[in-house]
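These numbers come from the heavy atoms of this one structure, side chains and all, not from hydrogens, waters or symmetry mates.
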Amino acid sequence: MYWTKDIIFCQKTFLPLLKNKSIRQINRTFTKKEGAVRGLHFQSPPAAQDKLIRVLSGSITDITVDVRNGSPTYGKSLSVQLSKDNNKQLLVPK
């Protein structure tokens, strides 16, 4: 029998990045159509959450924009290629 160990989340690794907050929810989303645009995700307090984004199949370009008024990085964006092959994850703070 053949199996692989695929770690999605390791508390020891991510806890310092989350400033010792706990993970409360993990979601998995599937998009069947190639080239689909998944929309804008915006959250405001008190419902805002940190997000960890990972691709299990295929690839995506994830673009984040800081829309927090008064933030030193307000208006700046970041584009990241995430894929099953590169195994990168993106942590987006609330």
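At a threshold of 4.5 Å between non-hydrogen side-chain atoms, the residues Val92 and Asp50 do not count as touching. The shortest side-chain heavy-atom distance between Val55 and Gln89 does not fall under the 4.5 Å cut-off.
In this structure, the separation between NZ on Lys51 and OG1 on Thr64 is 12.0 Å, given to the nearest 0.5 Å. Note that CD1 of Ile63 and CG of Leu90 are 11.5 Å apart. Values are rounded to the nearest 0.5 Å.
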Could you list the donor-acceptor pairs under 3.5 angstrom formed between side-chain atoms of residues 74-82 and any protein atom two or more places apart in sequence or on another chain?
| unit_1 | atom_1 | unit_2 | atom_2 | d |
| --- | --- | --- | --- | --- |
| Gln81 | OE1 | Thr61 | OG1 | 2.3 |

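Side-chain N or O atoms of Ser71 include one that pairs as donor or acceptor with a backbone N or O of Thr73 at under 3.5 Å.
Residues Ile60 and Leu52 fall into different hydrophobic clusters, defined by Ile, Leu, Val, Met, Phe, Trp and Tyr side chains chained together at heavy-atom separations under 4.5 Å.
In terms of the side-chain contact (heavy atoms from CB on, under 4.5 Å) criterion, residue partners of Val67 (sequence neighbours excluded) are, by chain and number, Phe42, Val65.
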